[in-house]
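Below, each value reflects all heavy atoms present in this structure, side chains not excepted, and no hydrogens, waters or symmetry copies. Nothing here was measured: the structure is a model prediction, and the numbers come from that model.
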Amino acid sequence: MKCELLSIYFGKRNSASTKLHSHDYWQLEIVTQGVIPGKLLGEAIDLETGDMLLIPPGWEHGFWYNEPVVSWITLKFERLPDDFPVWGGLIRGNQFTNRLLASFRAAIHDTACQEYEKVFIHGFLETMFYYVRSEQFHLTSDPDKQLVKQITDQIMSRAGRAITINELADQLSYTRSHLSKKFKELTGESLKSYIDRVRIQKIEELLRYREISITEIASDLGFGDLFSFSRFFKKHTGQSPRQYVKNASTSAY
C-alpha cells in the first residue's frame with residue numbers, strides 16, 4: 001500500500017472552527033452531516049454532506065463549523081510519492097463516492113485500532129486516489145460530458161438489469177428523442193446499443209464467474225423466462241449462454 005494512516009477522527013460539534021494551517025502529511029476531510037465552509041489555498045469551499053476535500057502536504061486550509069449540528073471524518077495519512085502530479089481539491093458526493101463512503105462507515109465506527117481496519121482504510125484511500133485520477137472524475141466540468149456520465153452511471157447502477165430510454169429520460173428530465181440524439185452525438189454509439197452492450201458484459205461476467213444456474217441469472221436480471229434471456233444473449237454474441245459457458249471453461253485451460 002502507498003498510504004499509511006496516521007490518525008482518524010470522527011468529529012461532531014455545534015460551533016467550532018480551525019485556524020488556517022498546513023502540515024507535512026495528507027488529509028482527507030469527509031462531511032457526514034450538514035454543510036462545512038472551508039478554505040483551501042485561499043479559495044472558499046462549501047463542503048456538503050457526502051463531499052470530501054483532499055488536502056496535500058503543505059497546502060493551507062481551514063474549516064468553520066457554523067451550522068447547529070455538523071459531523072465529519074478526518075483522515076490524516078502519509079503517502080509514498082509516485083509519477084502523478086500532486087492533486088488536491090473538492091470531491092463532490094456522487095453514486096460512486098456515496099457507495100464507497102457507506103462501506104467505510106459500516107466497517108469503521110470510531111477508530112482503527114486493529115491492523116485489518118487500517119488495511120481497509122489504506123484501500124479506501126488508495127481507491128480515492130485512483131478515482132480522482134480517472135477520466136470519469138475529470139469529465140464533470142463539461143456539461144455534455146457530465147450528461148454522458150449521468151446516463152452511464154444510471155445504466156451501470158442497474159447491474160445488468162433492464163432500463164429503458166424512457167426511464168432514463170424521465171430520471172434526467174429530458175425527452176426520449178433529445179436524450180437519444182445527444183448521446184449518439186457525444187459518443188458515436190446509439191443509447192440502445194450502449195444499454196445492451198453493458199447488459200451483455202454483465203451477463204458474460206455472471207456466466208463466467210457466478211456459481212448459480214443460468215436460469216437463476218436470467219431471473220436475477222429480470223428476464224421473464226430462460227428463452228427470452230437466451231434469445232437476447234445469442235442476438236448480441238452469436239452463441240447461447242450454455243455455449244458461452246462451455247467455451248469459457250475450455251479456454252480457461
Side-chain angles (χ1 to χ4, degrees), residues 93-103 123-124 126-140 142-253:
N94 55 47
Q95 283 186 343
F96 169 72
T97 59
N98 290 343
R99 292 196 304 268
L100 192 65
L101 183 55
S103 67
F124 171 84
E126 198 61 30
T127 300
M128 292 308 305
F129 275 93
Y130 272 93
Y131 173 62
V132 299
R133 291 168 174 173
S134 70
E135 181 181 357
Q136 287 295 316
F137 177 74
H138 294 284
L139 287 180
T140 56
D142 183 296
D144 285 342
K145 291 179 179 179
Q146 174 65 12
L147 175 60
V148 172
K149 185 177 185 303
Q150 288 176 322
I151 294 170
T152 56
D153 280 351
Q154 289 291 339
I155 295 168
M156 291 292 186
S157 71
R158 300 299 288 261
R161 295 175 180 84
I163 186 169
T164 67
I165 297 175
N166 284 336
E167 287 175 313
L168 284 170
D170 287 343
Q171 290 170 5
L172 300 175
S173 300
Y174 287 93
T175 65
R176 173 192 171 97
S177 60
H178 176 80
L179 198 67
S180 296
K181 181 179 179 182
K182 197 69 177 174
F183 189 85
K184 175 72 172 179
E185 174 188 317
L186 295 172
T187 67
E189 181 177 12
S190 76
L191 185 49
K192 177 64 165 61
S193 173
Y194 179 78
I195 293 171
D196 289 346
R197 180 162 61 85
V198 170
R199 294 194 78 193
I200 289 296
Q201 288 173 350
K202 185 62 179 180
I203 292 169
E204 288 178 339
E205 174 191 327
L206 294 174
L207 289 173
R208 184 182 286 265
Y209 299 113
R210 191 169 173 180
E211 296 180 355
I212 63 173
S213 69
I214 294 175
T215 301
E216 288 174 309
I217 292 174
S219 177
D220 286 351
L221 296 184
F223 288 89
D225 51 54
L226 187 58
F227 175 75
S228 60
F229 173 72
S230 298
R231 183 174 58 185
F232 176 81
F233 188 79
K234 190 168 185 177
K235 174 184 175 182
H236 292 281
T237 66
Q239 55 187 329
S240 71
R242 295 188 189 281
Q243 288 172 325
Y244 177 83
V245 171
K246 182 179 179 180
N247 292 337
S249 299
T250 303
S251 64
Y253 295 98

Item to check | Spatial distance of atom OG1 (Thr97) from atom CE (Met128) [nearest 0.5 Å] | outcome: 6.5 Å
Item to check | Beyond-backbone contact of Ile200 with Glu204, side-chain heavy atoms, under 4.5 angstrom | outcome: yes
Next on the checklist: Rounded at 0.5 Å granularity, tell me how far OG1 in Thr187 sits from OH in Tyr194.
Outcome noted: 9.0 Å
Item to check | Identified side chain to side chain contact (heavy atoms under 4.5 Å, CB included) counterpart of Ile195 within the set Thr152, Ile151, Leu168 | outcome: Leu168
Item to check | More than 12 heavy atoms from other groups under 6.0 Å of CZ on Arg197 | outcome: yes
Checklist entry - Ser157 side chain to Gln154 main-chain N or O, any donor-acceptor pair under 3.5 Å? => result yes
Checklist entry - Between atom CD of Glu185 and atom NE2 of His178, what is the distance when rounded to the nearest 0.5 Å? => result 8.5 Å
Checklist outcome for this item: Closest heavy-atom pair, Glu189 versus Phe183, reported as atoms and distance to 0.1 Å, is O-CD2, 3.3 Å
Checklist outcome for this item: CZ (Arg208) and CG (Asn247) are apart, to the nearest 0.5 Å, by 9.5 Å
Next on the checklist: Can you tell me how the ring of Phe96 sits relative to the ring of Tyr131, calling it parallel under 30°, perpendicular over 60° and tilted otherwise?
Outcome noted: tilted
Checklist entry - What are the two closest non-hydrogen atoms of Gly160 and Arg199, and how far apart are they? => result O-NE, 2.8 Å
Checklist outcome for this item: Output for pair (Ile165 CD1, Asp170 CG), nearest 0.5 Å, gives 12.0 Å
Next on the checklist: Are the side chains of Leu206 and Leu221 in contact, using a 4.5 Å heavy-atom criterion?
Outcome noted: yes
Checklist outcome for this item: Heavy-atom closest pair (Ser103 atom, Leu100 atom, distance to 0.1 Å) is OG-O, 2.6 Å
Checklist entry - Going through the distances and angles, do Asp220 and Ile212 end up as a side-chain contact (heavy atoms from CB on, under 4.5 Å)? => result CA-CA 10 Å; Asp220 286 351; Ile212 63 173; 3.6 Å; yes
Next on the checklist: Distance alone, cut at 3.5 Å: any donor-acceptor contact between the side chains of Asp225 and Ser228?
Outcome noted: yes
Item to check | Leu226 versus Ala218, closest heavy-atom pair with distance | outcome: CD1-CB, 4.5 Å
Item to check | Separation between NZ of Lys234 and CD of Gln243, rounded to the nearest 0.5 Å | outcome: 5.5 Å
Next on the checklist: For Glu216, give me all partners under side-chain hydrogen bond (donor to acceptor under 3.5 Å, both in side chains), at least two apart in sequence or on another chain.
Outcome noted: Ser213
Next on the checklist: Once ring-ring contact (aromatic ring centres under 6.0 Å, His included) is applied, do any residues pair with Phe232, and if so which ones, sequence neighbours excluded?
Outcome noted: Phe223, His236
Next on the checklist: Using only atom types and a distance under 3.5 Å, with no angle test, would you say the side chain of Thr127 pairs donor to acceptor with the backbone of Gly123?
Outcome noted: yes
